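Here is the structure we will look at, set down as structure tokens.
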Amino acid sequence: MNKTTEFADIILPLPLAQLFTYSIPEELKADVAIGKRVVVPFGSKKFYTGIVKHIHNIPPKDYSTKDILTCLDEYPIINSFQFNFWDWIAQYYQSTLGDVFKAALPAGLKLESQTKISANEEFRTKEVLSKTEEQILNVLKHSKDVNIATLNQATGLKNTLPQVKSLLEKGAVSIEEQIINPYKEKKKEFVRLASDYSESEIGDFITSLKRAKKQQETLLSYLNLSKHYFEEIALKVSVFELLKSTDISRTILKSLVEKNILEIYQEKLDRIDLSETETSGLKALNEYQETAISKIRSDFKEKNCVLLHGVTSSGKTEIYIHLIQEQLEVGKQVLYLLPEIALTTQIINRLRSVFGNKVGVYHSKFNDAERVEIYNNIHQNNTANAYQVILGVRSSVFLPFQNLGLIIVDEEHENTYKQYDPAPRYHARDASIYLAHLHQAKTLLGTATPAIETYYNAKTGKYGLVELLQRHQNLEMPEIIIADIKEAKRKKQMKSMFSPELMQMMETCLENKEQIILFQNRRGYSPYLECKSCGWVPHCPNCAVSLTYHRYNNQLVCHYCAHSVHPPSTCEHCGSNEMEDKGFGTEKIEEELIGFFPNARIARMDLDTTRKKMAYEKLIYKFENHELDILVGTQMVSKGLDFDNVSLVGILNADSMLNYPDYRAYERSYQMMAQVSGRAGRKKKRGKVLIQTYTPEHPIIKNVIENDYISMYSNQLAERKEYIYPPYYRLINITLKHKNQNLVNKAAVVLTKSLRKIFGIRILGPQAPVINRIQNFHIVTILLKIEKKSSPSKAKWILNQQANYLKEMEAFKSIQINFDVDPM
DNA sequence: AGCACGCCGACT
DNA sequence: GTCGGCGTGCTC
């Protein structure tokens with residue numbers, strides 16, 4: 001290997017802006033390469049998995065380098081598209097490469113802190129070991145799952161790393177085994193004939209086995225199970241199935257294998273069994289879909305991104321499928337993005353029915369082993385069973401594509417595409433457009449209710465715009481009815497949170513054996529408890545929010561930090577024992593419904609009832625099969641589900657969405673109501689939507705009734721322009737955090753002042769957000785609004801510079817500052 | 001991030 | 001006199 005390649009710059013999974021330079025030891029020079037994972041020591045007792053970003057021969061001036069310990073990969077697992085994409089994400093969303101690395105790889109491909117060390121059993125002492133080394137080996141031989149910390153404890157030494165390292169060099173221990181193979185592929189064993197025997201040959205085998213009755217029986221049983229004589233291609237027979245059918249032991253099967261009659265082979269087991277699915281080909285498009293698809297094709301000739309604005313049930317999915325097919329024909333990969341909650345078996349099965357095992361699914365409820373499997377599969381790309389179509393959520397933009405032709409972002413308006421909590425705070429839709437650009441691929445955004453920004457981009461010609469406003473099979477849009485709950489309350493007609501109109505309509509539906517969906521954008525039982533006499537409300541001790549009451553486990557829970565306590569029976573403030581629950585969460589609605597309709601089959605769908613892996617699918621399945629009459633849920637119920645028998649959708653409180661203090665509240669309320677309404681009325685008859693509200697005259701409610709996206713859009717656009725918001729301006733939210741409230745406030749004032757000197761009126765704040773304390777950290781925000789046409793990177797550079805100035809001040813150095821670019 | 005180092009209060 | 005609280009600084 002080249003003598004000059006001595007150093008490697010490594011990305012470590014840390015929120016630090018720089019790369020770390022390590023030296024490449026002689027014996028690893030042939031292995032270490034850009035894009036491979038390596039294990040490096042960091043600090044005095046930690047190991048990290050890092051990614052090699054550069055290799056060079058420039059020795060660092062200010063420090064001496066440590067050696068790379070091992071190289072984990074035979075081939076690079078990060079390709080150059082990904083490196084470019086990572087750089088863009090880190091730059092645009094103001095995060096470190098380490099954070100991007102953490103977000104991009106499934107945990108099974110990373111290794112943090114707790115590196116396991118194990119003794120090599122084959123190791124025989126050739127060299128002299130020091131006393132401590134012997135001691136360490138001894139510990140390792142007698143216990144499992146040992147990491148540096150436990151070693152230190154067991155040996156009583158402060159730091160065993162140098163000894164471990166030297167043992168590693170001598171080959172006495174290994175640390176990489178568990179890293180390379182942290183998971184096992186799910187495999188299943190099958191049996192087949194060892195070669196393509198003719199019928200007479202098989203007959204010979206059977207006669208030759210007449211002294212080995214059990215073996216003969218087994219062979220016959222195999223022929224029977226595989227329908228060898230009846231089917232063109234023998235059916236698959238699993239070892240398990242065969243052994244069970246004859247009640248024989250494995251050894252008998254083994255002797256047949258040894259005689260070269262049968263053989264055992266393994267096949268990777270997919271999460272969803274494909275053996276039964278027959279690929280059914282494409283469905284023909286109707287005339288509207290045809291027009292839309294040819295417009296999409298022609299727009300793609302000039303533009304890299306096209307918005308498909310298609311009303312609910314207009315058959316967007318079929319259009320996607322046709323476009324995917326075209327890409328597969330030219331050998332390109334396709335990424336199909338969906339928001340987390342919309343990724344249902346319905347869609348998966350539809351895609352699988354057309355593209356079979358070319359479809360891979362990437363989802364947060366998959367365990368890590370499954371994610372690693374998918375990652376590796378995409379990575380091998382050209383092999384026969386590599387996925388060509390990936391159906392996935394936000395994080396699938398980080399998969400190792402090398403040949404993307406098209407990215408579809410379905411339900412592009414969904415705010416779950418924006419990552420908030422750990423950095424990088426990226427938006428998968430926007431990132432997709434950049435990713436597509438890297439691959440010289442196209443992006444198709446699809447939705448019934450485009451985000452204002454997206455529609456603006458389409459209207460101004462930045463994106464192509466294709467409208468599909470005809471529901472398929474000429475289904476009618478649902479009839480929307482408003483219930484004025486202010487009026488009903490005044491007249492004392494409300495039954496708990498149900499208006500007389502809603503009650504009456506629900507009764508009719510249940511009589512007609514039709515299904516109902518009720519929507520309430522609030523989980524839990526009731527939003528808060530309140531003391532009847534003094535008005536005291538229990539709050540979270542760590543966050544500035546009231547605690548939500550969950551009845552099923554009788555707990556008060558903080559939805560921000562998950563703090564939970566038993567509800568107090570008496571008021572902590574005045575000692576009164578009358579604590580009253582206020583407001584309605586999905587849980588309480590469910591309970592009250594059971595009271596009103598004891599014969600109806602009712603279920604609830606929210607975060608709490610869908611935590612388990614298949615819980616969501618089970619609920620959907622039950623509802624589809626009409627094992628349920630009423631489904632109560634949060635926004636989960638509005639996502640891309642197609643049910644045939646839903647004749648009524650009830651929105652219990654439209655105002656809670658409308659009154660949310662955010663510039664996007666109206667837009668989001670419209671989207672939510674329009675999407676939920678889209679669930680009503682399928683196939684047979686026109687559905688009904690009932691919206692309960694205190695403000696029936698609200699313009700957004702009017703837009704929803706008239707199904708008038710365009711006027712909602714133009715009203716909102718005018719407001720955005722007037723109040724300086726996207727799409728005319730770009731927003732960057734600056735958050736300051738500290739345990740000391742006084743200190744953050746002061747810091748925010750100082751930072752605001754210095755920023756205002758540069759940006760003038762474009763700086764808003766400082767402002768305490770609605771929830772100004774989370775996990776005992778006080779939070780203050782500053783908002784920067786910059787003109788769309790000005791350079792965002794320059795603004796970001798200034799922000800960084802000013803934030804660093806602030807941190808250089810003695811008093812403020814422990815303030816945490818972070819940026820959220822294009823916040824939601 | 002996470003870990004060591006270091007400097008102050010309540011305990012044998 | 002020490003144990004351990006968290007505030008600060010460094011990691012190639």
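Nothing here was measured: the structure is a model prediction, and the numbers come from that model. Per chain, numbering begins at 1; letters A, B, ... match sequence-line order.
- In this structure, the CD1 atom of A/I55 is 19 Å from the P atom of C/dC12, given to the nearest Å.
- Residue A/K46 has its side chain nearest to B/dC3 when only C/dC12, B/dC3, B/dA1 are considered.
- Judged purely by distance below 3.5 Å, without hydrogens or angles, the side chains of A/H778 and A/N740 never pair a donor atom with an acceptor atom.
- When rounded to the nearest whole Å, the span between CG of A/L16 and C1' of C/dT11 equals 8 Å.
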Any N/O pairs under 3.5 Å between the protein and nucleotides 4-9 of chain C? List them or say none.
from  : atom 1 : to     : atom 2 : distance (Å)
C/dG9 : OP1    : A/K813 : NZ     : 3.2

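- One interatomic measurement links the two molecules: OH of A/Y63 to P of C/dT11, which rounds to 10 Å at whole-angstrom precision.
- As rounded to whole Å, 16 Å separates atom P of B/dA1 from atom CG of A/L97.
- A/I10 comes within contact range of no nucleotide atom at all, as no heavy-atom separation falls under 4.0 Å.
- Per the geometry, CD belonging to A/Q18 stands 10 Å off P belonging to C/dC12, to the nearest Å.
- Among pairs with a residue in residues 51-65 of chain A, those fulfilling salt bridge (Lys or Arg N to Asp or Glu O under 4.0 Å) read A/K53-A/D87, at least two apart in sequence or across chains.
- Contact annotation for A/T65: backbone-only contact, meaning every heavy-atom pair under 4.0 Å involves sugar-phosphate atoms and none involves a base.
- The nearest whole Å value for the distance from the CZ atom in A/F42 to the C1' atom in C/dC10 is 8 Å.
- The side chain of A/L14 lies closest to B/dA1 when the candidates are B/dA1, C/dC12, B/dC3.
- Using a 4.0 Å heavy-atom distance criterion, A/Y22 is classed as a sugar-phosphate-only contact.
- Residues that satisfy the salt bridge (charged side-chain N to carboxylate O under 4.0 Å, His left out) test with A/R762, not counting sequence neighbours, are A/E787.
- What separates CG of A/L12 from C1' of B/dC3 is a distance of 15 Å, to the nearest Å.
- Under the side-chain hydrogen bond (donor to acceptor under 3.5 Å, both in side chains) criterion, A/T752 pairs with no residue, sequence neighbours left out.
- Regarding A/D67, its CG atom lies at a distance of 17 Å from the P atom of C/dT11, rounded to whole Å.
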Compile the donor-acceptor pairs under 3.5 Å between side chains in residues 816-824 of chain A and protein atoms, sequence neighbours left out, one pair per line.
from   : atom 1 : to     : atom 2 : distance (Å)
A/D820 : OD1    : A/K418 : NZ     : 2.5
A/D822 : OD2    : A/Y92  : OH     : 2.7

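- With sequence neighbours left out, the side-chain hydrogen bond (donor to acceptor under 3.5 Å, both in side chains) criterion links A/R425 to no other residue.
- Ring planes of A/Y434 and A/W88: parallel class, angle under 30° (limits at 30 and 60°).
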